[in-house]
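Count residues from 1 along the sequence.
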Amino acid sequence: MQPSRKAFFCCVILSCCALLISAQPNPYRTENLVIVTLDGMRWQEIFGGIDSALLGNPGFTMDKDGLKSRFWSDDARERRKKLFPFLWSTVEQGGQLYGNRNIGNMVNVSNRYKFSYPGYNEIFTGYPDTAINSNDKILNKNTNVLEFINKQKGYTGKVAAFSSWDVFPFILNSARSGIYVNADKDTLHGAWEGFKMINEMQALTARPLGLRPDLLTYFAGKEYLKTHSPRVLYIGWDETDDYAHAGLYDQYINSAHAEDAMLADLWNTLQSMPQYKDKTTLMVTCDHGRGDKIKDQWKDHGQNVDDSGQIWMTVMGPDTRPGGEMSSPSQLYQKQWAPTMAALLGFDFRPAQGGTAPVSSVIQ
(Lines give C-alpha, C1' and ligand atoms only; values in the text may rest on other atoms or scores of the structure.)
Protein backbone atom coordinates (compact mmCIF):
# COMPACT_ATOMS: atom_id res chain seq x y z
CA MET A 1 0.00 0.00 0.00
CA GLN A 2 1.34 3.44 -0.90
CA PRO A 3 2.22 5.72 2.04
CA SER A 4 -0.43 8.29 1.14
CA ARG A 5 -3.17 5.66 0.93
CA LYS A 6 -1.94 4.06 4.19
CA ALA A 7 -2.05 7.41 5.96
CA PHE A 8 -5.55 8.02 4.58
CA PHE A 9 -6.88 4.71 5.87
CA CYS A 10 -5.22 5.28 9.28
CA CYS A 11 -7.00 8.61 9.53
CA VAL A 12 -10.32 6.97 8.64
CA ILE A 13 -9.81 4.25 11.27
CA LEU A 14 -8.85 6.79 13.95
CA SER A 15 -11.87 8.94 13.09
CA CYS A 16 -14.18 5.94 13.35
CA CYS A 17 -12.66 5.02 16.72
CA ALA A 18 -13.15 8.56 17.96
CA LEU A 19 -16.79 8.48 16.89
CA LEU A 20 -17.33 5.15 18.63
CA ILE A 21 -15.73 6.43 21.82
CA SER A 22 -17.76 9.64 21.79
CA ALA A 23 -20.92 7.62 21.14
CA GLN A 24 -20.43 5.51 24.24
CA PRO A 25 -23.08 6.38 26.82
CA ASN A 26 -22.05 7.99 30.06
CA PRO A 27 -21.62 5.12 32.54
CA TYR A 28 -23.47 7.13 35.20
CA ARG A 29 -27.13 8.07 34.97
CA THR A 30 -27.07 10.47 37.93
CA GLU A 31 -27.44 14.02 36.63
CA ASN A 32 -28.57 15.60 39.89
CA LEU A 33 -27.63 15.08 43.52
CA VAL A 34 -29.61 15.82 46.69
CA ILE A 35 -27.90 15.51 50.09
CA VAL A 36 -29.80 15.70 53.39
CA THR A 37 -28.42 15.55 56.94
CA LEU A 38 -30.23 14.90 60.23
CA ASP A 39 -27.99 16.49 62.83
CA GLY A 40 -26.92 14.09 65.58
CA MET A 41 -29.43 11.38 64.65
CA ARG A 42 -28.35 8.11 66.29
CA TRP A 43 -27.93 4.92 64.29
CA GLN A 44 -29.68 3.08 67.12
CA GLU A 45 -33.06 4.61 66.21
CA ILE A 46 -32.44 4.42 62.46
CA PHE A 47 -32.00 0.64 62.65
CA GLY A 48 -33.94 -0.21 65.81
CA GLY A 49 -36.70 2.35 66.22
CA ILE A 50 -37.49 3.99 69.55
CA ASP A 51 -35.43 2.92 72.55
CA SER A 52 -37.47 1.25 75.31
CA ALA A 53 -35.17 2.49 78.08
CA LEU A 54 -35.45 6.11 76.96
CA LEU A 55 -39.16 5.73 76.28
CA GLY A 56 -39.69 4.52 79.84
CA ASN A 57 -37.58 7.21 81.49
CA PRO A 58 -39.86 10.04 82.72
CA GLY A 59 -36.86 12.35 82.84
CA PHE A 60 -36.59 12.14 79.04
CA THR A 61 -40.09 11.26 77.81
CA MET A 62 -43.07 13.29 79.00
CA ASP A 63 -45.63 11.66 76.73
CA LYS A 64 -44.75 7.98 77.11
CA ASP A 65 -48.21 6.68 76.20
CA GLY A 66 -48.52 8.85 73.12
CA LEU A 67 -45.05 7.94 71.87
CA LYS A 68 -45.60 4.26 72.57
CA SER A 69 -48.94 4.16 70.74
CA ARG A 70 -47.40 5.72 67.63
CA PHE A 71 -44.00 4.07 67.43
CA TRP A 72 -43.70 1.01 69.63
CA SER A 73 -43.58 -2.62 68.54
CA ASP A 74 -41.91 -5.62 70.14
CA ASP A 75 -40.24 -6.26 66.80
CA ALA A 76 -37.28 -3.97 66.01
CA ARG A 77 -37.95 -4.07 62.27
CA GLU A 78 -41.52 -2.92 62.82
CA ARG A 79 -40.37 -0.23 65.28
CA ARG A 80 -37.95 1.30 62.81
CA LYS A 81 -40.56 1.26 60.04
CA LYS A 82 -43.07 3.03 62.28
CA LEU A 83 -40.49 5.73 63.03
CA PHE A 84 -38.97 6.00 59.54
CA PRO A 85 -41.57 4.70 57.05
CA PHE A 86 -39.86 6.28 54.04
CA LEU A 87 -36.42 4.88 54.85
CA TRP A 88 -37.81 1.41 55.57
CA SER A 89 -40.05 1.21 52.53
CA THR A 90 -38.94 3.30 49.55
CA VAL A 91 -35.22 3.44 50.39
CA GLU A 92 -35.06 -0.14 51.62
CA GLN A 93 -36.62 -1.34 48.38
CA GLY A 94 -34.73 0.94 46.00
CA GLY A 95 -31.49 1.92 47.72
CA GLN A 96 -28.94 1.05 50.39
CA LEU A 97 -28.75 1.68 54.15
CA TYR A 98 -25.41 1.49 55.95
CA GLY A 99 -24.53 1.52 59.64
CA ASN A 100 -26.32 -1.23 61.57
CA ARG A 101 -23.55 -2.13 63.97
CA ASN A 102 -25.64 -4.95 65.43
CA ILE A 103 -24.86 -6.94 62.29
CA GLY A 104 -21.29 -5.67 61.85
CA ASN A 105 -22.00 -3.00 59.24
CA MET A 106 -19.97 -0.09 60.62
CA VAL A 107 -19.84 3.58 59.68
CA ASN A 108 -17.69 6.04 61.65
CA VAL A 109 -16.45 9.60 61.56
CA SER A 110 -12.71 10.00 61.03
CA ASN A 111 -12.34 13.30 62.85
CA ARG A 112 -11.38 13.10 66.51
CA TYR A 113 -13.88 15.66 67.81
CA LYS A 114 -17.26 14.07 66.98
CA PHE A 115 -19.40 17.21 66.89
CA SER A 116 -21.01 19.31 64.20
CA TYR A 117 -18.54 21.63 62.42
CA PRO A 118 -15.79 18.97 62.26
CA GLY A 119 -18.39 16.46 61.03
CA TYR A 120 -19.81 18.66 58.31
CA ASN A 121 -16.31 19.62 57.23
CA GLU A 122 -15.49 15.91 56.90
CA ILE A 123 -18.70 15.19 54.97
CA PHE A 124 -18.11 17.91 52.40
CA THR A 125 -14.31 18.14 52.15
CA GLY A 126 -13.32 14.51 52.66
CA TYR A 127 -10.70 15.71 55.11
CA PRO A 128 -10.91 15.31 58.92
CA ASP A 129 -9.06 18.55 59.65
CA THR A 130 -7.71 18.67 63.21
CA ALA A 131 -7.60 22.47 63.01
CA ILE A 132 -11.41 22.55 62.90
CA ASN A 133 -12.08 21.94 66.56
CA SER A 134 -15.02 24.20 67.45
CA ASN A 135 -18.44 25.26 66.20
CA ASP A 136 -17.31 28.88 65.92
CA LYS A 137 -18.15 30.93 62.82
CA ILE A 138 -14.76 30.61 61.18
CA LEU A 139 -14.48 30.45 57.41
CA ASN A 140 -13.45 26.98 56.33
CA LYS A 141 -10.16 27.05 54.43
CA ASN A 142 -10.69 23.57 52.97
CA THR A 143 -12.18 23.17 49.50
CA ASN A 144 -15.54 21.40 49.68
CA VAL A 145 -17.07 19.08 47.12
CA LEU A 146 -20.01 21.42 46.48
CA GLU A 147 -17.74 24.25 45.35
CA PHE A 148 -15.73 21.73 43.28
CA ILE A 149 -18.91 20.60 41.51
CA ASN A 150 -20.00 24.23 41.08
CA LYS A 151 -16.88 24.79 38.94
CA GLN A 152 -17.66 21.94 36.56
CA LYS A 153 -19.24 22.56 33.16
CA GLY A 154 -23.02 22.54 33.39
CA TYR A 155 -23.08 22.91 37.19
CA THR A 156 -21.94 26.51 37.73
CA GLY A 157 -24.68 28.41 39.54
CA LYS A 158 -26.63 25.18 39.92
CA VAL A 159 -25.47 24.23 43.44
CA ALA A 160 -27.38 25.38 46.53
CA ALA A 161 -27.53 24.67 50.26
CA PHE A 162 -30.30 25.27 52.81
CA SER A 163 -29.75 24.80 56.53
CA SER A 164 -31.43 25.51 59.84
CA TRP A 165 -28.05 26.26 61.46
CA ASP A 166 -26.45 29.64 60.80
CA VAL A 167 -22.88 28.31 60.76
CA PHE A 168 -23.22 26.76 57.29
CA PRO A 169 -22.15 29.86 55.33
CA PHE A 170 -18.83 29.45 57.17
CA ILE A 171 -18.63 25.65 56.90
CA LEU A 172 -19.18 25.83 53.13
CA ASN A 173 -17.35 29.17 52.87
CA SER A 174 -19.95 30.69 50.57
CA ALA A 175 -17.89 33.89 50.30
CA ARG A 176 -15.12 31.96 48.53
CA SER A 177 -16.96 29.02 47.01
CA GLY A 178 -19.65 31.06 45.28
CA ILE A 179 -22.38 28.54 46.02
CA TYR A 180 -25.74 29.76 47.24
CA VAL A 181 -26.16 29.11 50.98
CA ASN A 182 -29.43 29.98 52.73
CA ALA A 183 -29.24 29.52 56.51
CA ASP A 184 -31.41 30.25 59.54
CA LYS A 185 -32.84 33.78 59.20
CA ASP A 186 -31.88 34.25 55.55
CA THR A 187 -34.83 35.24 53.38
CA LEU A 188 -35.55 34.07 49.85
CA HIS A 189 -35.24 36.69 47.12
CA GLY A 190 -37.56 36.71 44.14
CA ALA A 191 -41.11 37.47 43.10
CA TRP A 192 -42.45 33.94 43.53
CA GLU A 193 -45.45 33.70 45.84
CA GLY A 194 -43.98 30.64 47.57
CA PHE A 195 -40.89 32.66 48.50
CA LYS A 196 -43.01 35.48 49.93
CA MET A 197 -45.06 33.08 52.06
CA ILE A 198 -41.98 31.32 53.45
CA ASN A 199 -40.39 34.68 54.30
CA GLU A 200 -43.53 35.75 56.15
CA MET A 201 -43.78 32.46 58.04
CA GLN A 202 -40.11 32.67 58.93
CA ALA A 203 -40.54 36.19 60.29
CA LEU A 204 -43.56 35.24 62.39
CA THR A 205 -42.70 31.77 63.67
CA ALA A 206 -41.68 30.92 67.21
CA ARG A 207 -38.08 29.77 67.47
CA PRO A 208 -38.09 27.42 70.48
CA LEU A 209 -34.61 26.16 69.66
CA GLY A 210 -33.22 29.55 68.70
CA LEU A 211 -33.00 28.76 64.99
CA ARG A 212 -35.20 28.30 61.94
CA PRO A 213 -37.57 25.34 62.33
CA ASP A 214 -36.57 22.44 60.10
CA LEU A 215 -39.95 22.49 58.37
CA LEU A 216 -39.30 26.01 57.07
CA THR A 217 -35.78 25.07 56.02
CA TYR A 218 -37.27 22.21 54.06
CA PHE A 219 -39.95 24.30 52.34
CA ALA A 220 -37.40 27.00 51.50
CA GLY A 221 -35.23 24.35 49.84
CA LYS A 222 -38.22 22.77 48.11
CA GLU A 223 -39.44 26.07 46.66
CA TYR A 224 -35.93 26.85 45.46
CA LEU A 225 -35.81 23.44 43.80
CA LYS A 226 -39.06 24.14 41.96
CA THR A 227 -38.12 27.64 40.83
CA HIS A 228 -34.36 27.45 40.21
CA SER A 229 -33.81 23.78 39.25
CA PRO A 230 -30.43 23.25 40.95
CA ARG A 231 -28.46 20.19 39.91
CA VAL A 232 -27.04 19.77 43.42
CA LEU A 233 -29.06 20.60 46.52
CA TYR A 234 -28.11 20.20 50.16
CA ILE A 235 -30.63 20.44 53.03
CA GLY A 236 -29.35 20.40 56.61
CA TRP A 237 -31.76 19.87 59.50
CA ASP A 238 -30.92 20.54 63.13
CA GLU A 239 -33.81 19.77 65.49
CA THR A 240 -32.88 16.18 66.32
CA ASP A 241 -29.57 17.31 67.82
CA ASP A 242 -31.00 20.22 69.78
CA TYR A 243 -33.87 18.24 71.28
CA ALA A 244 -31.48 15.45 72.24
CA HIS A 245 -29.15 17.91 73.99
CA ALA A 246 -32.17 19.16 75.91
CA GLY A 247 -32.95 15.60 77.00
CA LEU A 248 -36.37 15.68 75.31
CA TYR A 249 -36.52 12.21 73.83
CA ASP A 250 -40.14 12.47 72.70
CA GLN A 251 -39.40 15.67 70.78
CA TYR A 252 -36.24 14.14 69.32
CA ILE A 253 -38.34 11.21 68.07
CA ASN A 254 -41.14 13.43 66.76
CA SER A 255 -38.66 15.56 64.81
CA ALA A 256 -36.98 12.47 63.36
CA HIS A 257 -40.36 11.12 62.22
CA ALA A 258 -41.30 14.48 60.68
CA GLU A 259 -37.99 14.62 58.82
CA ASP A 260 -38.63 11.17 57.37
CA ALA A 261 -41.97 12.51 56.08
CA MET A 262 -40.15 15.48 54.54
CA LEU A 263 -37.74 13.08 52.84
CA ALA A 264 -40.70 11.23 51.36
CA ASP A 265 -42.23 14.49 50.14
CA LEU A 266 -38.89 15.58 48.68
CA TRP A 267 -38.43 12.29 46.82
CA ASN A 268 -41.99 12.42 45.46
CA THR A 269 -41.38 15.99 44.32
CA LEU A 270 -38.19 14.97 42.53
CA GLN A 271 -39.93 12.08 40.82
CA SER A 272 -42.73 14.39 39.62
CA MET A 273 -40.31 16.67 37.74
CA PRO A 274 -38.83 15.56 34.38
CA GLN A 275 -35.41 17.07 35.15
CA TYR A 276 -35.06 14.91 38.26
CA LYS A 277 -37.15 11.78 37.69
CA ASP A 278 -34.88 8.71 37.48
CA LYS A 279 -31.87 11.03 37.13
CA THR A 280 -31.30 11.99 40.77
CA THR A 281 -29.41 10.35 43.62
CA LEU A 282 -30.52 11.05 47.20
CA MET A 283 -27.95 10.72 50.01
CA VAL A 284 -29.02 10.99 53.67
CA THR A 285 -26.64 10.90 56.64
CA CYS A 286 -25.66 12.68 59.87
CA ASP A 287 -22.70 14.70 61.13
CA HIS A 288 -22.03 12.66 64.29
CA GLY A 289 -23.59 10.08 66.57
CA ARG A 290 -24.45 10.28 70.26
CA GLY A 291 -23.69 8.46 73.45
CA ASP A 292 -25.63 5.33 74.39
CA LYS A 293 -28.55 5.37 76.84
CA ILE A 294 -26.35 4.59 79.85
CA LYS A 295 -25.44 7.44 82.20
CA ASP A 296 -27.66 9.84 80.21
CA GLN A 297 -24.98 9.92 77.50
CA TRP A 298 -27.52 9.73 74.68
CA LYS A 299 -27.97 13.49 75.12
CA ASP A 300 -24.35 14.24 74.36
CA HIS A 301 -21.53 13.63 71.92
CA GLY A 302 -17.92 14.65 71.50
CA GLN A 303 -14.39 13.45 71.97
CA ASN A 304 -15.00 11.98 75.42
CA VAL A 305 -18.41 10.41 74.79
CA ASP A 306 -18.40 6.77 73.80
CA ASP A 307 -20.26 5.85 70.60
CA SER A 308 -20.62 9.44 69.36
CA GLY A 309 -18.39 8.70 66.39
CA GLN A 310 -20.81 6.03 65.16
CA ILE A 311 -22.95 7.18 62.24
CA TRP A 312 -25.03 5.87 59.29
CA MET A 313 -25.78 6.62 55.66
CA THR A 314 -28.49 5.86 53.09
CA VAL A 315 -28.29 6.23 49.31
CA MET A 316 -30.86 5.81 46.55
CA GLY A 317 -30.57 6.64 42.88
CA PRO A 318 -30.15 5.34 39.34
CA ASP A 319 -26.52 4.30 39.81
CA THR A 320 -26.97 2.56 43.16
CA ARG A 321 -27.90 -1.11 43.18
CA PRO A 322 -30.95 -1.79 45.36
CA GLY A 323 -29.63 -3.65 48.38
CA GLY A 324 -31.74 -2.50 51.31
CA GLU A 325 -30.07 -2.90 54.67
CA MET A 326 -26.40 -3.64 54.00
CA SER A 327 -25.77 -6.72 56.09
CA SER A 328 -22.22 -7.74 55.21
CA PRO A 329 -19.57 -6.78 57.81
CA SER A 330 -17.71 -3.72 56.61
CA GLN A 331 -16.20 -0.42 57.75
CA LEU A 332 -16.92 2.89 56.04
CA TYR A 333 -15.92 6.41 57.03
CA GLN A 334 -17.54 9.81 56.80
CA LYS A 335 -14.64 11.20 54.77
CA GLN A 336 -15.71 8.94 51.88
CA TRP A 337 -18.95 10.87 51.32
CA ALA A 338 -17.36 13.79 49.42
CA PRO A 339 -15.59 11.69 46.76
CA THR A 340 -18.72 9.53 46.48
CA MET A 341 -20.88 12.58 45.76
CA ALA A 342 -18.52 13.68 43.00
CA ALA A 343 -18.17 10.17 41.57
CA LEU A 344 -21.94 9.80 41.21
CA LEU A 345 -21.85 12.81 38.88
CA GLY A 346 -18.86 11.44 36.98
CA PHE A 347 -16.22 13.64 38.66
CA ASP A 348 -13.06 12.82 40.57
CA PHE A 349 -12.83 14.88 43.77
CA ARG A 350 -9.63 14.53 45.75
CA PRO A 351 -8.97 16.68 48.81
CA ALA A 352 -5.66 18.54 48.55
CA GLN A 353 -4.71 17.16 51.97
CA GLY A 354 -4.90 13.55 50.85
CA GLY A 355 -7.67 11.71 49.09
CA THR A 356 -9.78 8.71 49.89
CA ALA A 357 -11.80 6.38 47.70
CA PRO A 358 -15.55 6.70 47.11
CA VAL A 359 -17.85 4.05 48.52
CA SER A 360 -17.60 1.57 45.65
CA SER A 361 -20.77 -0.34 46.55
CA VAL A 362 -22.84 2.85 46.10
CA ILE A 363 -21.90 3.14 42.41
CA GLN A 364 -22.86 0.33 40.06
Side-chain angles (χ1 to χ4, degrees), residues 30-39 116-117 119-121 123-126 137-203 211-238 262-263 265-267 269-270 273 275-276 279-285 287 337-338 341-342 344-345 347 349:
T30 297
E31 298 178 9
N32 314 284
L33 183 64
V34 176
I35 309 108
V36 180
T37 54
L38 283 64
D39 198 301
S116 290
Y117 196 148
Y120 290 120
N121 170 75
I123 287 172
F124 290 108
T125 73
K137 294 179 179 178
I138 298 171
L139 289 172
N140 193 340
K141 70 181 188 306
N142 302 308
T143 300
N144 67 72
V145 68
L146 300 185
E147 74 179 289
F148 166 81
I149 295 171
N150 191 53
K151 293 176 181 177
Q152 308 307 311
K153 184 178 179 180
Y155 287 84
T156 303
K158 291 291 184 179
V159 180
F162 287 78
S163 73
S164 299
W165 194 31
D166 63 359
V167 183
F168 265 95
F170 299 86
I171 296 171
L172 298 176
N173 201 336
S174 57
R176 182 198 67 219
S177 67
I179 63 175
Y180 176 66
V181 181
N182 181 291
D184 194 26
K185 294 181 180 180
D186 293 342
T187 55
L188 291 164
H189 300 288
W192 294 276
E193 287 302 316
F195 282 17
K196 294 177 182 178
M197 180 176 291
I198 290 168
N199 290 340
E200 290 176 6
M201 292 172 66
Q202 188 167 285
L211 40 73
R212 177 165 64 188
D214 287 344
L215 183 67
L216 291 183
T217 295
Y218 169 60
F219 275 108
K222 179 181 176 180
E223 285 300 308
Y224 188 91
L225 177 84
K226 291 160 62 177
T227 55
H228 286 70
S229 304
R231 297 190 68 180
V232 179
L233 176 66
Y234 166 62
I235 298 176
W237 291 320
D238 195 80
M262 290 182 234
L263 286 171
D265 184 73
L266 176 59
W267 184 252
T269 300
L270 292 167
M273 302 171 70
Q275 175 184 334
Y276 300 103
K279 304 172 188 174
T280 303
T281 290
L282 173 67
M283 300 179 70
V284 188
T285 187
D287 51 336
W337 296 175
M341 293 176 202
L344 283 162
L345 296 173
F347 302 127
F349 175 73

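Checking each of N140, I171, V145 against T125 for a side-chain contact (heavy atoms from CB on, under 4.5 Å) leaves exactly one that passes, namely N140.
Atom CG in L344 sits 5.0 Å away from atom OG1 in T30 (nearest 0.5 Å). Note that CH2 of W337 is 5.5 Å distant from OG1 of T285, once rounded to the nearest 0.5 Å. Distance check: L282 CG to L263 CG gives 6.5 Å after rounding to the nearest 0.5 Å. E147 CD to N173 CG: the interatomic distance, rounded to the nearest 0.5 Å, is 7.0 Å. The line from CE of M273 to NZ of K226 is 8.0 Å long, rounded to the nearest 0.5 Å. In this structure, the separation between CG on L215 and CE on M201 is 6.5 Å, given to the nearest 0.5 Å.
D166 places no side-chain N or O within donor-acceptor distance of the main-chain N or O of A183, the cut-off being under 3.5 Å. Q202 places a side-chain N or O within donor-acceptor distance of the main-chain N or O of K185, the cut-off being under 3.5 Å. Here the side chain of D287 pairs no donor or acceptor atom with the backbone of T37 at under 3.5 angstrom. Of the possible donor and acceptor atoms, one in the side chain of S177 sits under 3.5 Å from a partner among the backbone N and O of L172. Side chain of N199 to backbone of F195: a donor-acceptor contact under 3.5 angstrom is found.
In this structure the side chain of S229 reaches within 4.5 angstrom of the side chain of Y276, judged on heavy atoms. The side-chain heavy atoms of N150 and Y155, taken from C-beta on, include no pair separated by under 4.5 Å. For the pair W192/E223, no side-chain contact is recorded, criterion being any heavy-atom separation below 4.5 Å from C-beta on. Residues M341 and F124 meet the side-chain proximity criterion, which asks for heavy atoms closer than 4.5 Å. Between R231 and I149, every side-chain heavy-atom pair lies at or beyond the 4.5 Å cut-off. Side-chain contact check for L146 versus I35: some heavy-atom pair is nearer than 4.5 Å. L188 places none of its side-chain heavy atoms less than 4.5 Å from the side chain of T227. Counting heavy atoms from C-beta on, the side chains of P230 and V159 never come closer than 4.5 Å.
A salt bridge is absent between D186 and R212: the closest approach of a Lys/Arg side-chain nitrogen to an acidic carboxylate oxygen does not fall below 4.0 angstrom.
Neither side chain, S116 nor W165, offers a donor N or O lying under 3.5 Å from an acceptor on the other. With no hydrogens or angles considered, no side-chain donor-acceptor pair links S163 and Y234 at under 3.5 Å. Remark: the Y218 side chain and the D265 side chain contain an N/O donor-acceptor pair separated by less than 3.5 Å.
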Subject >> Pair V36-M262, side chain to side chain contact (heavy atoms under 4.5 Å, CB included): steps then yes or no >> reply: CA-CA 10 Å; V36 180; M262 290 182 234; over 6 Å; no
Original post:
Can L139 and R176 be said to form a side chain to side chain contact (heavy atoms under 4.5 Å, CB included), step by step?
Top reply: CA-CA 9 Å; L139 289 172; R176 182 198 67 219; over 6 Å; no
Original post:
What's the verdict on side chain to side chain contact (heavy atoms under 4.5 Å, CB included) for L345 and V232, showing C-alpha distance, side-chain angles and the deciding distance?
Top reply: CA-CA 10 Å; L345 296 173; V232 179; 3.9 Å; yes
**OP:** Show the numbers, then the answer: is there a side chain to side chain contact (heavy atoms under 4.5 Å, CB included) between F162 and L233?
**Re:** CA-CA 8 Å; F162 287 78; L233 176 66; 3.8 Å; yes
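The minimum heavy-atom distance between S164 and D214, with the atom names listed, is OG-OD1, 2.6 Å.
Checked against the 6.0 Å centroid threshold, Y117 and F170 do not count as a close aromatic pair.
Annotation: M197, atom CE; neighbour count of heavy atoms from other residues, nucleotides and ligands within 6.0 Å does not exceed 12.
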